[in-house]
Number of protein chains: 2
Amino acid sequence: MDRRASEKDDDTSAKERPTLKTLAFMTGLGVTTVSRALKDAPEIGAETRRRVQLVAKQIGYRPNRAGVRLRTGKTNVISLVLNTEHELMSFVSDIIYGVTEVIADTPYHLIVTPYSRSQDPLDPVRYLVETGSADGVIISRAQPNDPRARYMLEHGIPFATHGRTDMGLVHPYHDFDNYAFASEAVRHLAGIGRRRLALLTPPIGLTYRGHTVDGFTDALSEVGASEVPFNTVTIDHSIEQIRMRTAQLMRREDRPDGFVSSAAAATLAIVAGIEDAGLKLGRDVDVVSKQSSELLHLFRRELFVVNENFRLAGSELARAVLGWIGGAAPGSLQSLSKPGEVLPYRHSGGQ
Amino acid sequence: MDRRASEKDDDTSAKERPTLKTLAFMTGLGVTTVSRALKDAPEIGAETRRRVQLVAKQIGYRPNRAGVRLRTGKTNVISLVLNTEHELMSFVSDIIYGVTEVIADTPYHLIVTPYSRSQDPLDPVRYLVETGSADGVIISRAQPNDPRARYMLEHGIPFATHGRTDMGLVHPYHDFDNYAFASEAVRHLAGIGRRRLALLTPPIGLTYRGHTVDGFTDALSEVGASEVPFNTVTIDHSIEQIRMRTAQLMRREDRPDGFVSSAAAATLAIVAGIEDAGLKLGRDVDVVSKQSSELLHLFRRELFVVNENFRLAGSELARAVLGWIGGAAPGSLQSLSKPGEVLPYRHSGGQ
DNA sequence: TTGGCAATCTGTAACGTTTCAGTATATTGA
DNA sequence: TCAATATACTGAAACGTTACAGATTGCCAA
């Protein structure tokens, strides 16, 4: 009853997974010929090629990944490297879906490689390279001088970064235009009469913090508004801390009448802080916030939002890495996503 | 200058990744002996074993995954199977971190295997089993009669489900006690004088919808409150739909004075719908909601929340799968997470 | 007729690992 | 002394794939 024990060499009717040997036996060809026929090598006769591919399709042949990987070193794996405490929730979810969307009809698998605060961010990357665990890597939280990007360039492994670096080295990236976001936000606030603005920045050390700050200050002087420093917290701080600092700030004489916030969750905290101080959103102060899922307008209708699409980022990053693996020039695999306009509350319910 | 071309057999000083052959050469032993020494096989002399392990550590030997996988079939991979449109954002993020936390100090990698609405949920699971791509699988959105669980049991691949099944088959799972959540929520609402309650349920077809509904109705009759049917939407519906249906419901004569909601995002929509109808949360109606990240209390202070920890779920599921792979009895790898008490708003800011 | 060449196809080896079936040496029992 | 046995180690084979270096055939030019 047990059909496990295979009959040595002739796998004629075995229920095991078909291999090249199976195909070779069925077609009467050699294993080498089958292998080449399946990958459209030139020295295989047209009819033979068709015949092999037909049989392969019929019996549902799928190349054994371990075999390929052992022989060629090709893993067919893309690794997404994530920080386990500081990524935005929606970022993780959306970027994964974006990546999987792109690799769905390729042989690639997505593996998630985490690292925590206590680790050197280089650790996971080093691991991947040393063990040859992936053909391509996606990293987030890019820094102006990013040791991970440098390391991967030195070791010749294709990668893409979410966010840009600034080392004079060229590599694929996808980024959101945070300069445009921040400057548009300032212009919008100025347009509704706000003149004393505070910025809740991205975390220190990341490239896009610089872009955001630059957009903010440039637009500030353009419209003739002034900045109220708000440097004690960033969007990486806890909700409670941001809330407390905001409340402190709003109880001061020289409080801001406008905020620009780089993340939705932080915006909740800012608003809570504003209200803790007894002030009212839309009357005493206005807030423009980035968001990645369309929820802020439910929170307070007075909020202004700019949408950032992380799913798109995931897709672009995946495309970039695959492109590099496929031999495209790294410099041609860079993309910058422009923010849409600043959106006010729009009533979508009712009848 | 190019040191790529290796010198055939004697890898004495090559900068390539060390293999068993490298270790064999360095120790003067055979490849077989080295292999066994590294896995503490009994027929290796104590000193030899120590010596081999020391050298292995020194030169940073790491077994080649492809070699192991090809020879033994062991992949050292856990696959997390996710629906690309209906998982909660926070679920994806947190469960991934929970899983990676547990497998961090094991040789396991986590791969994410997505499937979309248009696909049979069985597809990704079938793929994993047929291609032998993973040693263990984690699936979410368990159904009472779940073809995926049945399939994996039949094919003997270890797995764990987020949520329970109800097929008389025993397998590892982790679940949140949604019966307790719903009944506690009802009791809480009754305790503050609410008598006409509506339930926004989990999606039709999932096991925990039944648990939630049962907890809700049992507690209703226990406290002598009545149900206002709210069956046209579930938490899988869009924010806009839930909002619209809620507003419709709240404009009726026989509107509810209390809601129980199974997801935080849906709760935002419910509140928006309530306010669309011109009613006020906390005065005209109260809402108890589950949430997985502590943000709802920032949204409206009048909300009551119960926390569900998805990171814990991820850890438990990973532990369960690893346990099963390690030979533990599937029946011993089931866990149920009890909800905490219903939490009112607590002011945490200010001084 | 013969040598050359293009077009197809094939066997062998190798990637790194584990398992199987040994071998060599020392130790024991009688 | 010899055989039996335990201890410690080893080579060869195999997992499925691809690359290398041929083989075989037919055809054409000289």
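We use all heavy atoms of the structure for the numbers below, so side chains are in, but hydrogens, waters and symmetry mates are not. Order of the sequence lines sets the chain letters (A, B, ...), proteins ahead of strands, with each chain counted from 1.
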From [atom1] of [X] over to [atom2] of [N], roughly how many Å is that when rounded to an integer?
{"X": "A:K39", "N": "D:dG16", "atom1": "NZ", "atom2": "P", "result": "16 Å"}
{"X": "A:L20", "N": "D:dC15", "atom1": "CG", "atom2": "P", "result": "13 Å"}
{"X": "A:R69", "N": "C:dC15", "atom1": "CZ", "atom2": "P", "result": "17 Å"}
{"X": "A:N64", "N": "C:dT17", "atom1": "CG", "atom2": "P", "result": "16 Å"}
{"X": "A:L23", "N": "D:dT17", "atom1": "CG", "atom2": "P", "result": "8 Å"}
{"X": "B:L70", "N": "D:dA13", "atom1": "CG", "atom2": "C1'", "result": "13 Å"}
{"X": "A:N76", "N": "D:dG16", "atom1": "CG", "atom2": "C1'", "result": "14 Å"}
{"X": "B:R17", "N": "C:dC15", "atom1": "CZ", "atom2": "P", "result": "14 Å"}

Please confirm whether the backbone N or O of [Y] pairs with a side-chain atom of [X], one donor and one acceptor, at under 3.5 Å?
{"X": "A:Q58", "Y": "A:L54", "answer": "no"}
{"X": "B:T207", "Y": "B:G163", "answer": "no"}
{"X": "B:S93", "Y": "A:S93", "answer": "no"}

Practice task
Could you tell me how the ring of B:H162 sits relative to the ring of B:H174: parallel (under 30°), tilted (30 to 60°) or perpendicular (over 60°)?
Solution key: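 Aromatic pair B:H162/B:H174 classed parallel.
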
Practice task
Identify, with sequence neighbours excluded, every residue that meets salt bridge (Lys or Arg N to Asp or Glu O under 4.0 Å) alongside A:E47.
Solution key: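 None.
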
Handout entry: Counterpart residues, salt bridge (Lys or Arg N to Asp or Glu O under 4.0 Å), relative to B:R65 (two or more places apart)
Key =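 Listed in chain order: nothing, the list is empty.
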
Exercise for the section: Have a look at the helix from C:dT1-D:dA30 to C:dA30-D:dT1 and give the angle its two end axes make, five pairs each, rounded to 10 degrees. Expected result: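 For the helix from C:dT1-D:dA30 to C:dA30-D:dT1, the axes at opposite ends meet at about 60°.
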
Protein and nucleotides 7-10 of chain C: nitrogen or oxygen contacts under 3.5 angstrom:
unit_1, atom_1, unit_2, atom_2, d
C:dC9, OP1, A:T48, OG1, 2.8
C:dC9, OP2, A:G45, N, 2.9
C:dC9, OP2, A:T48, OG1, 3.2
C:dT10, OP2, A:G30, N, 2.7
C:dT10, OP2, A:T33, OG1, 2.6
C:dT10, O4, A:R36, NH1, 3.4

Practice task
Measure the spacing between CZ of A:R164 and CG of A:D175 and express it to the nearest 0.5 Å.
Solution key: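 Rounded to the nearest 0.5 Å, the CZ-CG separation comes out at 4.5 Å.
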
Practice task
May I ask you to say what B:S35 touches in the nucleic acid, namely base, sugar-phosphate or nothing, with a heavy-atom cut-off under 4.0 Å?
Solution key: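 Counting heavy atoms under 4.0 Å across all strands, the contact made by B:S35 includes a base.
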
Nucleotide N/O to protein N/O under 3.5 Å, stretch nucleotides 25-27 of chain D:
none

Handout entry: Any side-chain heavy-atom pair of B:L153 and B:F159 under 4.5 Å
Key =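 Yes; the side chains approach each other to less than 4.5 Å.
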
Problem - side-chain contact (heavy atoms from CB on, under 4.5 Å) involving B:I95 - partner list, sequence neighbours excluded - result: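 For B:I95 the side-chain contact (heavy atoms from CB on, under 4.5 Å) partners, ignoring immediate neighbours, are B:L80, B:F91, B:L317.
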
Exercise for the section: Please name the residue in the list B:R150, B:Q143, B:R148 that meets the side-chain hydrogen bond (donor to acceptor under 3.5 Å, both in side chains) test with B:D146. Expected result: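 Result: among B:R150, B:Q143, B:R148, B:R148 is the only option passing the side-chain hydrogen bond (donor to acceptor under 3.5 Å, both in side chains) with B:D146.
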
Exercise for the section: Examine C:dG16: is either OP1 or OP2 under 4.0 Å from a nitrogen or oxygen in the side chain of B:K21? Give yes or no. Expected result: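 Result: no.
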
Exercise for the section: Pick out which of B:T84, B:V81, B:D123 makes a side chain to side chain contact (heavy atoms under 4.5 Å, CB included) with B:Y115. Expected result: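 Checked B:T84, B:V81, B:D123 against B:Y115; only one passes side chain to side chain contact (heavy atoms under 4.5 Å, CB included): B:V81.
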
